[in-house]
Number of protein chains: 2
Amino acid sequence: MREGKPIGLLLVQTAKAVSRAFEDELAARGGSRPVWLILLALMDGAHRTQADLAAAIGVRGPTLTHHLGGMERDGLLTRKRLPENRRVQVVALTAKGRATFHKLRQGAMSFDRDLDRRFTRAEMVTLRDLLGRFGASATVGFGPDS
Amino acid sequence: MREGKPIGLLLVQTAKAVSRAFEDELAARGGSRPVWLILLALMDGAHRTQADLAAAIGVRGPTLTHHLGGMERDGLLTRKRLPENRRVQVVALTAKGRATFHKLRQGAMSFDRDLDRRFTRAEMVTLRDLLGRFGASATVGFGPDS
DNA sequence: CCTCAATTGATAGACATCTAACAGTTAGAC
DNA sequence: GTCTAACTGTTAGATGTCTATCAATTGAGG
């Protein structure tokens with residue numbers, strides 16, 4: 001009666017596979033996971049600073065800077081300094097950025113539906129609770145629930 | 001009554017946080033996640049080829065080659081060609097490799113215990129079942145249960 | 001034998017991510 | 001008013017991962 005792999009390993013490997021499948025879904029529509037998360041956060045609106053934005057999508061500042069640079073080059077967004085506080089960069093989506101968001105959202109929503117269909121309501125509640133336990137002492141959070 | 005983030009996102013972010021904490025634990029003992037997984041697989045024995053080994057730890061061939069190169073440079077293992085089939089590399093741990101394994105195992109075991117303590121027996125069974133659902137159609141497996 | 005397909009790893013180049021260190025900007029202390 | 005500390009973002013360099021492609025070796029047909 002073995003228990004199998006450590007629960008942490010199982011969690012990480014499961015997440016890796018799911019993340020990969022999600023990447024494929026987005027790639028088929030010309031996007032990627034980080035680009036999708038940034039577009040989503042920007043459409044949700046209201047992020048004061050890049051640091052806020054980075055926290056919302058779960059990466060560090062330099063990683064965000066990296067992706068914003070690429071997305072700016074690709075014409076998905078613009079950055080300009082706030083006149084009244086020239087430290088902060090104001091990030092705004094372009095029309096092309098919004099179009100890309102809508103295209104990728106199709107994939108993301110279909111992916112989410114696929115996953116949701118695998119669990120009953122009750123199971124989903126249980127799963128969210130159990131996943132929450134991992135953060136009990138390790139600080140798992142990435143900003144508000146959206 | 002919102003449901004919160006998509007379950008896939010929650011899974012991936014939880015795993016990221018756990019993986020990070022595990023990395024820290026190993027780093028404190030001079031290791032890293034991939035090095036630990038390779039040492040563990042080699043101590044468990046019996047991997048015919050590097051491809052087997054890669055599958056066992058959940059990475060692709062080139063990633064494994066990369067780490068084996070580093071570990072060989074660090075004196076943790078040796079590689080030599082099988083005389084009767086000079087395509088396959090025989091990977092063997094050195095004494096230093098085995099010593100590193102034992103050192104890292106302390107951290108890994110303590111980490112696993114910390115996680116295990118957060119769930120009852122029944123919850124653990126439930127969690128493993130629910131995590132298994134993610135692979136239902138997406139092919140999550142990484143070789144046998146060990 | 002010789003060629004050609006299959007097997008096994010390695011190399012090249014790309015991407016996402018991190019930490020540490022830096023640079024510009026602002027605001028408060030004196 | 002100037003100096004200094006805090007804030008915001010960027011740059012530099014490292015690590016882990018991937019796909020696509022290459023190189024060496026083997027074995028099977030003809």
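These figures come from a predicted structure and were not determined experimentally. Proteins come first, then strands; the chains are lettered A, B, ... in the order of their sequence lines, and each starts at number 1.
Nearer the 5' end of DNA chain C, as judged by each residue's closest nucleotide, is the contact made by B/Ala51, out of B/Ala51 and A/Arg33. Nearest-nucleotide positions on DNA chain D place A/Leu68 closer to the 5' end than the other of A/Leu68 and B/Pro83. Taking for each of A/Glu84 and A/His67 the nucleotide of DNA chain C with the nearest heavy atom, the 5'-most of the two is the partner of A/His67. Comparing A/Arg79 and B/Ser32 along DNA chain D, the residue whose closest nucleotide (by nearest heavy atom) sits nearer the 5' end is A/Arg79.
Among D/dG16, D/dG9, C/dA10, the nucleotide with an atom closest to any side-chain atom of A/Thr49 is D/dG9. Of the candidates C/dG9, D/dT10, D/dC18, the closest approach to any side-chain atom of B/Arg60 belongs to D/dC18. Relative to the side chain of A/Val88, the nucleotides D/dT17, D/dG9, D/dT10 differ in distance, and D/dG9 lies closest. Nearest nucleotide to the side chain of A/Gln50, out of C/dT19, D/dG9, C/dA10: D/dG9. Listed nucleotides: D/dT10, D/dT17, C/dA16. Nearest to the side chain of A/Pro34: C/dA16.
Using a 4.5 Å cut-off between side-chain heavy atoms of Ile, Leu, Val, Met, Phe, Trp and Tyr, B/Val88 falls into a hydrophobic cluster with B/Leu82, B/Val90.
The side chain to side chain contact (heavy atoms under 4.5 Å, CB included) test with A/Val91 is passed by exactly one of A/Lys80, A/Gln50, A/Met71: A/Gln50.
Distances shown here put every side-chain N or O of A/His66 at or beyond 4.0 Å from the OP1 or OP2 atom of C/dC18. A/Thr65 has no side-chain polar atom (N or O) that falls below the 4.0 Å cut-off from OP1 or OP2 of D/dT11. Using a 4.0 Å cut-off, no side-chain N or O of A/Thr63 falls inside it from OP1 or OP2 of C/dA16.
Between the side chain of B/Arg87 and the base of C/dT7 there is at least one donor-acceptor pair of N/O atoms closer than 3.5 Å.
With salt bridges taken as basic N to acidic carboxylate O contacts below 4.0 Å, one links A/Arg79 and A/Glu72. At a threshold of 4.0 Å, the pair B/Arg133-A/Glu123 counts as salt-bridged, since one of the basic side-chain nitrogens sits closer than that to a carboxylate oxygen.
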